[in-house]
Amino acid sequence: MSDQITITLPDGSKRSYNKGATALDVAMSISEGLARNVLAAKVNGEVRDSFRPIEEDSNLQLLTWNDDEGKSTMWHSSAHLMAEALEALYPGIKLGIGPPIENGFYYDIDFNGIEFDSDNLEAIENKMLELAREKNEFTRKEISKADAIAYYKEKGDEYKLELIDGLDDGSITFYNQGNFTDLCRGPHIPHTGYIKAVKILNVAGAYWRGDENRKQLTRLYAISFPKQKELKEHLELLEQAKLRDHRKIGKELELFTFSEKVGKGLPLWLPKGAVLRERLENFLKKAQLKAGYDQVVSPHIGGKELYVTSGHYAKYGEDSFQPIHTPSEDEEFLLKPMNCPHHCEIYKSKPRSYKDLPVRYAEFGTVYRYEQSGELHGLTRVRGFTQDDAHIFCSQDQVKSEFAKVVDLVLYVFSALGFEDFTAQVSLRDPNNPDKYIGKDEDWEKAEAAIKEVAEEKELNFVIEYGEAAFYGPKLDFMVKDALGRKWQLGTSQVDYSLPERFELEYIGSDNKKHRPVMIHRAPFGSMERFIAILIENCAGDFPLWLAPDQIAILPISEKYHDYAKELFVEMQEKDIRGFVDERDEKIGKKIRDAEVKKTPFMLIVGEKEAEEGTVSVRQHGQGDIGSMKKDEFARFFHNKVAELIN
RNA sequence: GCCGAUGUAGCUCAGGGGUAGAGCGUUUCCUUGGUAAGGAAGAGGUCAGGGGUUCAAAUCCCCUCAUUGGCUCCA
């Protein structure tokens with residue numbers, strides 16, 4: 001056997017090394033600078049320590065801060081460093097898990113009764129940096145299960161013991177750096193000195209192993225960087241993100257509010273917010289009309305039996321707003337948590353023929369769900385919200401084409417609103433747990449295949465999640481992130497075999513026999529509340545022209561031109577251009593500033609010259625003065641701009 | 001629901017055991033001004049609510065409510 005191995009680099013070049021060479025050796029042979037930046041290595045597709053010897057011919061990719069795996073290795077090591085610092089500052093704590101995450105890392109700590117001062121996170125950061133400067137090497141050690149158990153028994157850490165319990169003997173490794181040893185699969189960076197900047201971002205409670213029946217540990221979220229400058233940039237980015245927060249902008253632009261008296265999680269739409277909402281609704285209504293939907297309307301409450309039939313009562317009855325009882329008759333009604341049972345009853349209002357299908361019922365239906373108080377969040381998680389709901393009743397053969405049309409509609413909506421950064425999630429059955437689902441296997445197979453095919457044909461950026469399907473059918477959800485990087489589901493489209501069954505929906509087929517239709521639930525926005533929240537964060541309050549609550553601000557130079565301004569306001573209103581006249585006794589500079597701050601798309605400045613010539617001096621938000629136009633000319637210009645945006 | 005934090009004027013926030021402050025906004029007056037803040041005066045707060053400690057509580061302690069960072073949940 002040769003004691004040489006061949007290493008193939010990503011560019012295809014091959015190099016020869018002594019057996020047992022490490023990725024760091026390889027990097028060093030290329031350049032010292034590269035070696036300094038290598039955080040981990042991908043050996044034959046597996047991410048490993050860059051300091052682990054390579055024993056055979058391999059494909060090797062050196063991972064640096066520019067690679068996601070490089071970052072996560074750094075953050076994983078940083079979690080160990082934080083644990084070391086915490087053990088030094090708070091002897092006697094017990095450790096849960098400490099993984100890297102999308103932006104940084106966390107460690108779950110049981111402070112075991114030791115008082116933890118969450119106001120002095122800086123002390124932990126400083127301790128981490130102090131330990132980092134020691135450039136302590138990370139070392140990897142394979143350890144027997146018995147020895148691992150003995151180590152943590154001695155240490156008295158039941159969390160690690162529980163983790164070890166789930167591992168196979170022979171697959172257990174410990175990593176050590178400085179005075180800290182942790183049960184860990186790795187990999188890690190070569191030494192702590194790579195960590196140059198750390199910031200503990202927040203402290204939160206987290207149940208051990210995500211189980212709400214088990215002990216709650218203290219989770220410290222943090223992030224680290226190889227350069228101080230990058231930390232600074234990251235923190236600035238977070239600050240910027242906070243400025244986009246829909247709760248902040250919603251207040252500033254007077255879009256919505258909450259009232260303790262009305263109740264938590266129950267948004268109140270202010271006039272400007274209501275205008276925005278109405279424009280979005282009209283936009284979708286128009287698109288749905290074209291796509292063959294019929295609008296229906298259903299009440300805000302429904303008899304309890306309706307939800308017993310739908311199955312929702314059994315599943316959610318206890319965790320919902322409780323039934324409303326009538327005073328004299330013994331009747332019970334539920335605030336509607338969904339629109340579909342009502343729509344099923346509309347479908348049933350007359351016999352259906354296969355020639356009627358697909359039937360598409362749309363409704364901006366307001367629903368009420370009892371969300372846990374700790375879950376409420378601005379407009380993204382509320383207890384009363386309006387779904388842009390629709391239910392398509394079709395034959396099994398029509399599922400795919402209907403699904404494709406729904407996806408087209410969602411994509412149209414997203415593109416009109418400038419949502420580019422979204423992912424699609426195809427949620428299918430858990431193959432290991434087929435009993436969880438109702439409906440015929442062959443129907444599921446067809447529906448799942450249809451959804452996947454549609455996702456592929458529409459070239460969606462999608463992931464498949466097994467086990468995420470609803471019990472009644474597979475679904476396709478559209479996910480977006482808010483300003484702070486939290487993921488939310490917006491649009492959704494779901495195939496349902498359950499409700500047609502439960503409500504005994506039927507149609508007469510061409511064979512003159514009764515058949516059961518398939519239902520597709522779909523909502524391109526998801527909910528108006530959540531969609532608008534994300535829209536606000538996406539555009540930072542600079543709404544597309546057609547949605548802006550105030551599209552124009554008419555700014556008279558002085559009181560003398562108020563008549564002309566008011567006349568102009570009426571003319572614009574007649575041309576479907578909405579805004580207001582700023583009649584305050586302020587100078588033009590002040591009026592412009594205020595309109596700019598409120599992000600009004602166009603400012604029409606009118607003074608002596610304009611009043612005489614029948615013109616307006618136009619200023620565009622963020623652009624400045626764009627010159628003078630005749631009134632009609634501005635209206636045409638305006639409507640052309642709108643047309644560019646929504647078609 | 002759970003762990004942590006926060007709650008002072010419409011908004012953003014400072015203050016802090018001896019009975020409340022700024023800026024913006026708002027109102028009135030002066031000013032009639034041409035592309036991002038003209039000037040002056042005034043109004044506005046049971047310091048979230050309740051209880052306790054104290055001669056004295058907005059300030060310290062307890063409870064409740066709301067908001068908030070997470071966790072769990074999400075038809």
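Naming: A, B, ... by sequence-line order, numbering from 1 per chain.
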Participant: Taking any heavy-atom pair under 4.0 Å as a contact, classify A:Ala204: base, sugar-phosphate, or nothing.
Facilitator: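 Contact class for A:Ala204: base.
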Participant: Just checking A:Arg381: base, sugar-phosphate only, or nothing, at a heavy-atom cut-off of under 4.0 Å?
Facilitator: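 Counting heavy atoms under 4.0 Å across all strands, the contact made by A:Arg381 includes a base.
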Participant: May I ask you to say what A:Gly627 touches in the nucleic acid, namely base, sugar-phosphate or nothing, with a heavy-atom cut-off under 4.0 Å?
Facilitator: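 Nothing, no heavy atom under 4.0 Å.
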Participant: Considering every strand and a 4.0 Å limit on heavy-atom distances, what is the contact class for A:Glu252: base, sugar-phosphate, or nothing?
Facilitator: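 Answer is nothing: A:Glu252 stays at 4.0 Å or more from every strand.
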Participant: What residue among A:Arg502, A:Met519, A:His391 forms side-chain contact (heavy atoms from CB on, under 4.5 Å) with A:Cys344?
Facilitator: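 Only one option passes, and that is A:Met519.
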Participant: Between A:Asp594 and A:Tyr561, which residue's closest nucleotide on RNA chain B lies nearer the 5′ terminus?
Facilitator: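 Per heavy-atom nearest nucleotide, the more 5' residue is A:Asp594.
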Participant: With heavy atoms under 4.0 Å as the rule, sort A:Arg619 into base, sugar-phosphate or nothing.
Facilitator: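 Base, at least one base heavy atom under 4.0 Å.
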Participant: Please state how far atom NE2 in A:His246 lies from atom C1' in B:U67, giving the value in whole angstrom units.
Facilitator: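 It works out to 13 Å between those atoms.
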Participant: Mind checking if A:Ser320 touches a base, just sugar-phosphate, or nothing, with heavy atoms under 4.0 Å?
Facilitator: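 Contact class for A:Ser320: base.
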Participant: Can you find a heavy atom in the side chain of A:Leu379 that is under 4.5 Å from one in the side chain of A:Trp269?
Facilitator: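 SC-SC contact between A:Leu379 and A:Trp269 confirmed.
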Participant: For A:Lys315, report the nucleic acid contact type (base, sugar-phosphate, nothing); a contact means any heavy atom under 4.0 Å.
Facilitator: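 Touches nothing.
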Participant: Taking the P atom of each, how far is B:A48 from B:G7, in whole Å?
Facilitator: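 One P to the other, the span is 8 Å.
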Participant: Please report the distance separating the C1' of B:C63 from the corresponding atom of B:U27, rounded so that it comes out in whole Å.
Facilitator: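 Their C1' atoms lie roughly 41 Å apart.
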Participant: Would you kindly compare A:Gln489 and A:Ile592 by the position of their nearest RNA chain B nucleotide and give the one closer to the 5′ end?
Facilitator: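 On the 5' side of the pair lies A:Ile592.
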Participant: Pairs counted as Watson-Crick or G-U wobble with both distances under 3.5 Å: what dot-bracket string results for RNA chain B, using | for bases tied to another strand?
Facilitator: (((((((..((((....[..)))).(((((.......))))).....(((((..]....))))))))))))....
Participant: On a whole-Å scale, what distance lies between the C1' atoms belonging to B:U31 and B:A58?
Facilitator: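 B:U31 and B:A58 have their C1' atoms separated by 41 Å.
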Participant: Is any side-chain N or O of A:Glu254 under 3.5 Å from a base N or O of B:G10, one able to act as donor and the other as acceptor?
Facilitator: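 A donor-acceptor contact between them is absent.
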Participant: Students often get this wrong, so: under 4.0 angstrom with heavy atoms, is A:Arg486 touching a base, only sugar-phosphate, or nothing?
Facilitator: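 If one applies the 4.0 Å heavy-atom cut-off, A:Arg486 turns out to touch the sugar-phosphate alone, with no base involved.
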Participant: Taking only the side-chain heavy atoms of A:Glu260 (C-beta and beyond), determine which of B:A66, B:G1, B:G38 contains the nearest atom.
Facilitator: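 From the listed options, B:A66 comes nearest.
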Participant: Under 4.0 angstrom, heavy atoms only, what part of the nucleic acid is A:Phe258 near: base, sugar-phosphate, or nothing?
Facilitator: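 Contact class for A:Phe258: none.
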Participant: Distance between the C1' atoms of B:G50 and B:A57, in whole angstroms?
Facilitator: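 That atom pair is separated by 14 Å.
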Participant: Closer than 4.0 angstrom, basic N to acidic O: yes or no for A:Lys215 and A:Glu162?
Facilitator: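 Between A:Glu162 and A:Lys215 there is no salt bridge, as every charged N stays at least 4.0 Å from the carboxylate O atoms.
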Participant: Return the set of residues passing ring-ring contact (aromatic ring centres under 6.0 Å, His included) with A:Tyr316 (not counting sequence neighbours), or none when no residue passes.
Facilitator: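 Checked A:Tyr316 against ring-ring contact (aromatic ring centres under 6.0 Å, His included); zero matches.
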Participant: Using a 4.0 Å heavy-atom cut-off, does A:Asp625 contact any base of the nucleic acid, only the sugar-phosphate backbone, or nothing at all?
Facilitator: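 Base contact.
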Participant: Has A:Tyr316 got its ring stacked on B:A75, by the test of a centre gap below 5.5 Å and a plane angle below 30°?
Facilitator: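 Stacked: ring centres under 5.5 Å, planes under 30°.
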Participant: Select one nucleotide: of B:A75, B:C3, B:U12, the one nearest the side-chain heavy atoms of A:Lys251.
Facilitator: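 The answer is B:U12.
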Participant: Please evaluate the base of B:C2 for a donor-acceptor partner in the side chain of A:Asp211 within a cut-off of under 3.5 Å?
Facilitator: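 Counting by modelled atom types and ignoring angles, no donor-acceptor contact under 3.5 Å is found here.
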Participant: What contact category does A:Lys591 fall into here, base, sugar-phosphate, or nothing, at under 4.0 angstrom with non-hydrogen atoms?
Facilitator: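 Nothing, no nucleic acid heavy atom in range.
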Participant: Side chain of A:Tyr564, backbone of A:Glu612: donor and acceptor closer than 3.5 Å?
Facilitator: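 No, because the side chain of A:Tyr564 does not come within donor-acceptor range (under 3.5 Å) of the backbone of A:Glu612.
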Participant: Could you tell me how far B:U54 sits from B:A14 if I compare only their P atoms? Round to whole Å.
Facilitator: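 Going atom to atom, P in each nucleotide, I get 32 Å.
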Participant: Using a heavy-atom cut-off of 4.0 Å across all strands, would you classify A:Gly374 as base, sugar-phosphate, or nothing?
Facilitator: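 Counting heavy atoms under 4.0 Å across all strands, the contact made by A:Gly374 includes a base.
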Participant: For A:Ile605, report the nucleic acid contact type (base, sugar-phosphate, nothing); a contact means any heavy atom under 4.0 Å.
Facilitator: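 Here A:Ile605 touches the bases of the nucleic acid.
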